[in-house]
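Residue numbers start at 1 and run along the sequence shown. These values consider heavy atoms only, across backbone and side chains, with no hydrogens, waters or symmetry-generated copies.
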Amino acid sequence: MTDFPNVASDFSHASDPACLVAPFKNVTTVIHAEQYGYSSAAWGFNAIFLPIMLTLGLLDNCAFIFVVYRVQSMKTITNTYLVNLAVADMMFILFAVVHKVAKIFTSPIQSDDAGIGLGGCMFIFLFLSAAYNSSMCFITAVSVERYNAVCNPLKMHQSQGAKRQTTALIVCALSWIAAFLVSATFLPSYADYQTTCYSWPNEKPFDNWPTVTRHCRALSLIADSYTSGAQTIPFFITLVVNFVLHYKTLRGLKNAVGRVKGDGARSERDQKIHHQTARMLVVNGVLFFALLSPFEFISLFVMINILVTGGIVIPGETLTRYIYIARTLTYINSMSNPIIYTVFCKRYLMAFKQAFGLRVQSKSHPPTLSTISTNNHH
């Protein structure tokens, strides 16, 4: 394979006028040509696995939104945030999968964005980034709400329900606005629509491959580094904030249970509620950050590497493998939250059954300190 500054001296390989000034790559062997295309594993991942993930993610998040809409007891402050989180998750996985599927079905070349276009690239990545940023806002809002319900119950009871609901809606609206405004500053990372011209081996299937490709890339290394940093640093700040809130909430739950041990029956029910809520709280928060951390660590490493060395020292195949794994975890995160709610919290499971007309076994118990706190923050 040989690369030339431009194709002016060999314009017969492509009819696009842009090839007069665009970079030109003369790919002479089949082995080198195959490196530009999709491997069978990559094709299966993008064309089969991702659409399955998209379908599951849309179904379970839509199911959760339907449950909140259908069941009156689920119309709570925390669920207001969780509904917005579900919308952000659906937006993220939808645009991520559409981007990958559109690319693989419009060109056999991995780096070719011609089927999407520059406008498509910027539109997709704007919504992807906004969904990602807003999800961190909503998961933090849920943690704050749970913390206040458990550790400041009197203050929560004194607040009027309508006022708190209005505040929650304002927080959600501001989170979406901030997410889109911040994400708009990332657009220079996808604004350079580079044209590359190729000469492929005269063998099938390469003789039918496009001789001109377009690729959405960063205008500069500074723009690329800024985007990586602006996504990664807030993530780790959010991680620390949520860890502290979770820790204090769990301590508050433990203290609340200890204060009602005088009644054995109530104490037993409170213990169950405590452990159930604690499991859901811990699993939901830990899983969210555990699934997103690998991609953020890769982004942080790449950002630092670019700033220090001006390039990436990880071999291309290794980096691609890591990115595929990290992206898969982010897609799993987008479909996991509703599953966590129903598996680890009986209240959500009962609401799910009620919303979809399944048999619900109801039990009537007098309210306790823990059930009041639980109902406020769920």
Side-chain angles (χ1 to χ4, degrees), residues 45-47 49-66 68 79-104 113 116 120-143 172-187 189-190 216 227-228 230-236 238-239 242 284-299 323-341:
F45 179 85
N46 288 281
F49 177 73
L50 288 187
I52 293 175
M53 295 288 289
L54 172 62
T55 302
L56 294 175
L58 293 179
L59 286 177
D60 69 353
N61 280 289
C62 283
F64 173 71
I65 295 174
F66 174 75
V68 175
N79 285 340
T80 298
Y81 297 130
L82 292 181
V83 164
N84 279 270
L85 178 61
V87 173
D89 284 339
M90 287 192 294
M91 183 189 300
F92 180 85
I93 196 169
L94 175 64
F95 282 96
V97 173
V98 166
H99 175 238
K100 299 293 187 300
V101 172
K103 285 187 63 172
I104 202 168
D113 293 312
I116 302 172
C121 284
M122 300 183 75
F123 181 81
I124 287 173
F125 286 109
L126 173 65
F127 276 81
L128 263 178
S129 298
Y132 187 83
N133 291 331
S134 63
S135 67
M136 289 191 290
C137 295
F138 298 132
I139 202 73
T140 303
V142 169
S143 298
C172 290
L174 292 177
S175 295
W176 281 113
I177 292 171
F180 272 99
L181 289 177
V182 172
S183 299
T185 67
F186 300 163
L187 292 181
S189 291
Y190 315 100
C216 302
T227 298
S228 297
Q231 287 179 324
T232 303
I233 295 173
F235 171 84
F236 287 108
T238 305
L239 172 61
N242 278 265
N284 189 29
V286 169
L287 196 61
F288 177 85
F289 290 102
L291 292 174
L292 297 182
S293 290
F295 189 82
E296 294 297 344
F297 276 114
I298 292 175
S299 298
I323 290 176
Y324 268 105
I325 294 172
R327 281 177 176 167
T328 300
L329 294 177
T330 63
Y331 303 147
I332 292 174
N333 172 73
S334 296
M335 58 175 284
S336 65
N337 287 328
I339 298 173
I340 294 171
Y341 308 150

Visitor: How far does CZ of R327 sit from CG of L50, to the nearest 0.5 angstrom?
Guide: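 Taking CZ in R327 and CG in L50, the distance rounds to 9.5 Å.
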Visitor: Of all the heavy-atom pairs spanning S334 and I93, show the shortest one and how long it is.
Guide: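 Minimum heavy-atom separation between S334 and I93: CB-CB, 4.0 Å.
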Visitor: May I ask you to check whether N242 and T140 show a side-chain donor-acceptor distance below 3.5 Å?
Guide: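 The answer is yes; a qualifying pair exists.
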Visitor: Is the shortest side-chain heavy-atom distance between Y190 and L126 below 4.5 Å?
Guide: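 No, every pair of side-chain atoms sits at 4.5 Å or beyond.
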Visitor: Can Y324 and N46 be said to form a side-chain contact (heavy atoms from CB on, under 4.5 Å), step by step?
Guide: CA-CA 10 Å; Y324 268 105; N46 288 281; 3.5 Å; yes
Visitor: Tell me which one of I52, D60, L58 satisfies side-chain contact (heavy atoms from CB on, under 4.5 Å) with L56.
Guide: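 Result: among I52, D60, L58, I52 is the only option passing the side-chain contact (heavy atoms from CB on, under 4.5 Å) with L56.
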Visitor: Do V101 and L54 have side chains that approach each other closer than 4.5 Å (heavy atoms only, starting at C-beta)?
Guide: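 When only atoms from C-beta onward are counted, L54 and V101 do not touch, as no gap falls below 4.5 Å.
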Visitor: Run the side-chain contact (heavy atoms from CB on, under 4.5 Å) test on F45 and K100 for me, step by step, so that the C-alpha distance in whole Å, both residues' side-chain angles and the decisive distance to 0.1 Å come before the verdict.
Guide: CA-CA 9 Å; F45 179 85; K100 299 293 187 300; over 6 Å; no
Visitor: Verify whether one side chain among D89 and S135 offers a donor that lies under 3.5 Å from an acceptor in the other.
Guide: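 Side-chain D/A pair, D89 to S135: absent.
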Visitor: Any idea which heavy atoms bring M91 and A131 closest together, and the distance?
Guide: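 Of all heavy-atom pairs spanning M91 and A131, the closest is SD-CB, 3.8 Å.
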Visitor: With heavy-atom distances below 4.5 Å as the criterion, would you say the side chains of S336 and L287 are in contact?
Guide: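 S336 reaches L287 side chain to side chain.
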Visitor: Any idea how H99 and F125 line up, ring-wise: parallel (<30°), tilted (30 to 60°), or perpendicular (>60°)?
Guide: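 Correct class here is perpendicular.
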Visitor: Is there side-chain contact between F235 and F297, with heavy atoms separated by less than 4.5 Å?
Guide: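 No. Closest side-chain heavy atoms not under 4.5 Å.
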Visitor: Can you tell me how far apart CZ (F127) and OG (S134) are? Round to the nearest 0.5 Å.
Guide: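 These two atoms lie 11.0 Å from each other.
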Visitor: Starting at CD1 of I116, measure out to NZ of K103 and round the result to the nearest 0.5 Å.
Guide: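 Going from CD1 on I116 over to NZ on K103, the span is 6.5 Å.
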Visitor: Of the non-hydrogen atoms in M90 and G57, which two are nearest, and what is the gap between them?
Guide: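 So the minimum-distance heavy-atom pair works out to CG-O, 4.2 Å.
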Visitor: Going through the distances and angles, do L82 and N337 end up as a side-chain contact (heavy atoms from CB on, under 4.5 Å)?
Guide: CA-CA 9 Å; L82 292 181; N337 287 328; over 6 Å; no
Visitor: What's the separation between atom CG in L94 and atom CG in N61, rounded to the nearest 0.5 Å?
Guide: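 CG of N61 is found 11.5 Å from CG of L94.
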Visitor: Working to the nearest 0.5 angstrom, can you tell me the gap between L292 CG and F236 CZ?
Guide: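 One finds 10.0 Å between CG of L292 and CZ of F236.
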Visitor: N84 vs S175, test: side-chain contact (heavy atoms from CB on, under 4.5 Å). Steps then yes/no.
Guide: CA-CA 10 Å; N84 279 270; S175 295; over 6 Å; no
Visitor: Can you check whether L128 reaches F123 side chain to side chain, under 4.5 Å on heavy atoms?
Guide: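 Side-chain contact under 4.5 Å: no.
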Visitor: Are L239 and E296 close enough that some pair of their side-chain heavy atoms sits under 4.5 Å apart?
Guide: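 No; the side chains remain at least 4.5 Å from each other.
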Visitor: Considering non-hydrogen atoms only, spot the tightest contact between V97 and P51 and give its length.
Guide: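 For V97 and P51, the tightest heavy-atom pair comes out as CG1-N, 4.1 Å.
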Visitor: Does the side chain of M335 come within less than 4.5 Å of L59's, by heavy atoms?
Guide: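 No, their side chains stay 4.5 Å or more apart.
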Visitor: Tell me whether the rings of Y132 and F92 are parallel (<30°), tilted (30 to 60°) or perpendicular (>60°).
Guide: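 Tilted: the ring planes of Y132 and F92 meet at 30° to 60°.
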Visitor: What's the shortest heavy-atom distance between F64 and V83, and which atoms?
Guide: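 The answer is CE2-N, 3.9 Å.
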Visitor: Under 3.5 Å, is there a donor-acceptor pair linking the side chains of S129 and S183?
Guide: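 No, no side-chain donor-acceptor contact under 3.5 Å.
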Visitor: Rounded to the nearest 0.5 Å, how far apart are CG of L187 and SG of C216?
Guide: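 Separation between the atoms: 11.0 Å.
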Visitor: Would you say the ring centroid of F49 lies under 6.0 angstrom from that of Y331?
Guide: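 So the answer is no for these two rings.
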Visitor: Could you check if a side-chain atom of L85 sits within less than 4.5 angstrom of a side-chain atom of Y81, using non-hydrogen atoms only?
Guide: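 L85 does not reach Y81 side chain to side chain.
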